[in-house]
2 protein chains.
Amino acid sequence: MDIDKKIYEMHAEMCKIFTNSKRLEILNILRDGEKSVTELEKATGLHQSNISQHLSLMRDKMIVETRRDGTNIYYSLADKRILKAFDIVREMLYAKIHKNAEFAQKLDEK
Amino acid sequence: MDIDKKIYEMHAEMCKIFTNSKRLEILNILRDGEKSVTELEKATGLHQSNISQHLSLMRDKMIVETRRDGTNIYYSLADKRILKAFDIVREMLYAKIHKNAEFAQKLDEK
DNA sequence: TTAATATATTAGAATATTAGAATATATTTG
DNA sequence: CAAATATATTCTAATATTCTAATATATTAA
C-alpha cells in the first residue's frame, strides 16, 4: 500500500483517540506527570470502569505508558510531543472563539 | 459550563474531522493552496459526492473556506496552523514506526 | 431558454463508538 | 488463605459515522 495513504490512516487512527473530551482531559492531566487510575478518577469525576476503558484504549494505541507500583498503576504520556500539537489546536480554538465573538458584537451594533 | 471542559469538547469535536484519512489527504493537498472540487477529485480518486460531503463537513466546522469562481468552487485552509499540528503528529508516527521496526528486528535476531 | 458542467444534498445500509453495569483479575495485608 | 483495594474486561443499548447511488441546484455558454 501507498506509504502516504498508510500515514494518513495512522494519523486518522490516532486522532480517533482525541475525539473524546474525557480522554483529552486525562491526557492534559498527565501533562504534569504520571497519575494512578484512582488519582485520575478523583481529578475527573468519571467512573472507574470508564477511565479504565479510556486508558486501556490509549495504552493500546501507545499514547500512554504504564508502570505498576503495588496495586497502583501509574499512567504517563508516551510521547510528550503530542502536547505541542494540542497547544496548537487550542490556540486555533481560542482564535475561533475570539473571531465569533467579534462577529456577534458586530451584529449587536447594527 | 466549565471553560476547560468546553475547550476539551471543542478540541474533541475538531479532532473528529481528522479521524478520516481521506479528509487528512484533502487537507494535505490544500497545503499548497486552494483547489476546486474537481481538482481534488482528480488528486484523490474519490467520488465527487463523497469529496463534497467531506468538504461540506470541514466547511461547517470552519476548517476550510470557499471562494466561487464561475461554476468552480475553490477550497482552502481556514487556519494554516493546523498543518503544524499535523506535522507534529506525523513526526510522532514516524518515530513510532521506527521504534516498532527496531523491536521487530530484535525479535528476529533471537 | 436549454444543455453542459460543477458542486451539493439526501437516503439508507453497514459499521463503529460510547457510557455504565456487572463481573473478573491482580496485588497487598493480616 | 481471606479480605481489601486497585484496576481491567465484557456486554449492551443508544448513538454516530461511513460510503455509494440517486437526485438536486447553481452557473455559464450557446
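Only this structure's heavy atoms are used, side chains among them; waters, hydrogens and symmetry mates stay out. Just so it is clear: chains get the letters A, B, ... in the order the sequence lines come, proteins before strands, and each one is counted from 1.
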A:Tyr74: which residues meet the side chain to side chain donor-acceptor pair (under 3.5 Å) condition with it, sequence neighbours left out? none
Nearest whole angstrom, please: distance from the C1' of D:dA8 to the OH of A:Tyr74. 17 Å
Once base and sugar-phosphate atoms are separated, protein heavy atoms under 4.0 Å mark nucleotides 17-30 of chain D, 5' to 3', with B, S and - as SSBBBB---SBS--
Look at all strands and tell whether A:Thr38 reaches a base, only sugar-phosphate, or nothing, counting heavy atoms closer than 4.0 Å. sugar-phosphate
In Å and rounded to the nearest 0.5 Å, what is the OG to CD1 distance from A:Ser36 to A:Ile51? 9.5 Å
Could you tabulate the donor-acceptor pairs under 3.5 Å formed by side-chain atoms of residues 55-66 of chain A, not counting sequence neighbours?
unit_1, atom_1, unit_2, atom_2, d
A:Arg59, NE, A:Thr66, OG1, 3.4
A:Arg59, NH2, A:Thr66, OG1, 2.8

Test of understanding: with side chain to side chain donor-acceptor pair (under 3.5 Å), list the residues that count as partners of B:Arg68, not counting sequence neighbours. none
Under the side-chain contact (heavy atoms from CB on, under 4.5 Å) test, residues paired with A:Thr71 that sit two or more places apart: none
Residues which pass salt bridge (charged side-chain N to carboxylate O under 4.0 Å, His left out) with B:Lys22, listed by chain and number, not counting sequence neighbours: none
Which residues satisfy the ring-ring contact (aromatic ring centres under 6.0 Å, His included) test with A:Phe18, sequence neighbours excluded? A:Phe86
Near DNA chain C, under 4.0 Å by heavy atom, which residues of residues 27-35 of chain B? none
Using salt bridge (charged side-chain N to carboxylate O under 4.0 Å, His left out) as the criterion, list what pairs up with A:Lys84, not counting sequence neighbours. none
Return the value, rounded to whole Å, for the distance between atom CG of A:Asn72 and atom C1' of D:dA4. 13 Å
